[in-house]
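What follows is a set of notes on a single structure, which appears directly below.
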Number of protein chains: 2
Amino acid sequence: MSQERSLPPVVERLWGREPVSRRGPRPRLDLTMIASAAIEIADAEGLAGVSMASVASRVGVAATALYRYVGSKEELLTAMADFVVPMPPDPAGRPWRDYLELWTRAQRDTLLEHPWLLPIAQLTPPLGPRRLLWLDRLLAALDGMGLDGGEKINVASALAGYALTDAALVATSGEPHVVDPGVGGADDYGEALAGLLDAETYPALSAAVRAGALRGAEGWVDDGDFHFGLELLLDGVEALIARRASGDDVGGK
Amino acid sequence: MSQERSLPPVVERLWGREPVSRRGPRPRLDLTMIASAAIEIADAEGLAGVSMASVASRVGVAATALYRYVGSKEELLTAMADFVVPMPPDPAGRPWRDYLELWTRAQRDTLLEHPWLLPIAQLTPPLGPRRLLWLDRLLAALDGMGLDGGEKINVASALAGYALTDAALVATSGEPHVVDPGVGGADDYGEALAGLLDAETYPALSAAVRAGALRGAEGWVDDGDFHFGLELLLDGVEALIARRASGDDVGGK
DNA sequence: ACCTGAACACCGTTCAAGT
DNA sequence: ACCTGAACACCGTTCAAGT
């Protein structure tokens with residue numbers, strides 16, 4: 001029941017469980033130093049600059065020494081993705097809807113500050129202490145609204161997903177070369193489309209392009225768009241809460 | 001106004017504009033053959049199996065010959081991500097809400113059939129003919145509901161993002177080793193969490209775990225969860241449409 | 001026990017040379 | 001113009017050897 005399952009060693013280390021060494025020289029590094037160095041490199045040069053060799057040289061060690069602390073580069077990326085997350089905002093005293101918006105916006109801002117997170121953040125369920133702290137605070141903000149645990153987790157994952165895809169869109173459009181160097185930025189986008197679409201195969205899309213739908217204030221996606229989509233989700237949550245409060249059905253299906 | 005912008009050559013080729021060669025031997029390949037070979041490899045071995053060398057050898061050519069057709073491996077991935085997309089479902093005669101659900105579910109199914117799409121699909125706005133066809137059909141399904149072009153595109157991007165994050169969750173949970181070989185599957189998840197969380201730092205989350213919130217029918221995420229989150233979004237869209245129909249405000253802010 | 005250095009099996013991409 | 005083959009500058013990861 002409460003038996004421990006085997007987790008990747010890097011996850012144990014994420015939770016502060018560095019193995020206690022008994023014999024031989026004391027370790028010169030720990031996971032925090034390594035992940036911090038990797039994060040600094042990624043912030044400065046992007047994910048492409050992060051190699052076992054570059055991280056090792058930044059902490060002053062041979063590349064192969066890192067394998068005492070992480071099982072693989074993949075595990076190093078997992079550690080980076082947890083260490084880079086700041087503390088979640090405090091839900092105390094805030095109406096649930098305000099907090100959900102604040103939480104989602106903060107998640108998106110973190111992704112935009114560290115765009116290298118985009119390709120690695122969504123591929124794994126949260127297991128690190130910082131990411132789980134965010135999840136905890138969102139569940140707390142939804143306490144007492146009549147939702148069960150599974151529903152609250154679903155809401156959290158829908159909001160986290162929205163933050164992620166919005167950030168990905170902004171990163172590729174606003175800063176053309178941050179993520180995908182092969183595709184132009186927002187300004188080119190509408191005009192590039194206009195040159196490619198024929199109105200017969202793409203009737204609705206070319207009508208929208210002709211009407212200027214792609215020209216937002218700052219391009220393809222701006223903050224107004226973020227708010228717009230988020231309101232869609234929050235309206236849905238509100239409808240669900242209203243249904244639960246009125247004591248309608250309990251499970252659907 | 002309708003002037004052509006410079007696009008990556010691979011995008012030109014995506015739209016069937018292979019350059020017309022005048023002198024010398026005729027090309028032995030085209031982008032379709034190369035992308036299809038790469039897709040077959042990715043389906044069989046995952047993204048890690050796709051290298052310039054492996055793709056080249058499958059089409060019977062030296063690795064360096066591929067650079068006549070794609071500018072870089074990055075461009076090859078872009079081509080793969082468009083070629084792998086099937087035709088969108090036909091919106092004709094369907095109520096908008098039914099079609100939006102069908103469309104989103106079909107997007108998610110494509111991602112689950114080709115999980116290697118997950119790390120590459122979200123990083124770039126759609127520029128290929130197949131992905132834009134999906135966008136066109138969704139805009140068409142929302143015609144006549146009082147939404148403007150920008151709003152319809154925002155709805156499309158919220159739905160596409162939802163399909164993507166849900167697929168990522170299912171891929172990592174249901175099939176533990178598809179995307180991230182370092183993290184266990186759904187069965188382990190709740191038990192692993194239980195061993196790590198202390199109730200003081202994570203009060204809401206450990207309460208939810210204790211209540212069994214993570215044990216769905218098939219694990220962490222199942223189809224019921226997909227439907228649940230999608231309904232949140234569609235309820236939001238419906239609320240927006242109702243507002244527009246009643247002629248309330250026109251843009252907010 | 002921790003770290004190094006050499007070595008292995010790969011990468012993506014360039015460029016000159018062939019036809 | 002297309003394709004090849006050699007070459008370059010990297011990768012992540014292993015393993016034996018040092019301390």
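Residue numbering restarts at 1 for every chain, and letters A, B, ... go by the order of the sequence lines. These numbers come from a predicted model, not from an experiment.
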Rounded to the nearest angstrom, tell me the gap between atom NZ in B/K73 and atom C1' in C/dC10. 12 Å
A/L47 has an atom CG; how far is it from atom P of D/dC11, in whole Å? 13 Å
Steps toward side-chain contact (heavy atoms from CB on, under 4.5 Å) verdict (B/M87, B/L133): CA-CA 8 Å; B/M87 292 289 287; B/L133 204 56; 3.8 Å; yes
Taking DNA chain D as the partner, which of residues 31-44 of chain A come within under 4.0 angstrom of it by heavy atom? none
Search all heavy atoms of B/R13 against all heavy atoms of B/R68 and return the closest pair with its distance. NH2-O, 3.3 Å
List the atom of B/W134, the atom of B/A106, and the distance in Å for their closest heavy-atom pair. CH2-CB, 3.6 Å
To the nearest angstrom, the CZ-C1' distance between A/R28 and C/dT4 comes to 10 Å
Show the atom names and distances, to 0.1 Å, of all donor-acceptor pairs under 3.5 Å that link a side chain in residues 57-66 of chain A to residues at least two apart or in another chain.
{"unit_1": "A/R58", "atom_1": "NH1", "unit_2": "A/E40", "atom_2": "OE1", "d": "2.3"}

To check you understand the geometry: which heavy-atom pair defines the closest contact between A/E113 and A/D43, and what is its length? O-OD1, 4.3 Å
Shortest non-hydrogen pair, A/I120 vs A/A81, comes out as CD1-CB, 4.4 Å
A cation-pi test, strictly: NZ or CZ of B/R105 under 6.0 Å from the centre of the six-membered ring of B/F226 and no more than 45 degrees from its axis. Yes or no? no
Using the test side chain to side chain donor-acceptor pair (under 3.5 Å), find all partners of A/T201 that sit at least two apart in sequence or belong to another chain. A/D198
Ignoring hydrogens, what is the shortest heavy-atom contact between A/L31 and A/V70? Give both atom names and the distance. CD1-CG1, 3.8 Å
Under 4.0 Å, heavy atom to any atom of DNA chain C: which of residues 49-69 of chain A qualify? A/V61, A/A62, A/T64, A/A65, A/R68, A/Y69
Please name the pair of heavy atoms, one in B/L112 and one in B/A171, separated by the smallest distance, quoted to 0.1 Å. CD2-N, 4.3 Å
Nearest-Å distance for atom pair CG/C1', residues B/L29 and D/dT4: 13 Å
Who are the salt bridge (Lys or Arg N to Asp or Glu O under 4.0 Å) partners of B/D82, not counting sequence neighbours? B/R130
Tell me what A/P27 touches on the nucleic acid: a base, only sugar-phosphate, or nothing, going by heavy atoms under 4.0 Å. sugar-phosphate
Each base of DNA chain D marked ( ) or [ ] if paired in-strand (Watson-Crick or G-U under 3.5 Å), | if paired to another strand and . if unpaired gives ||.|||||...|||||.||
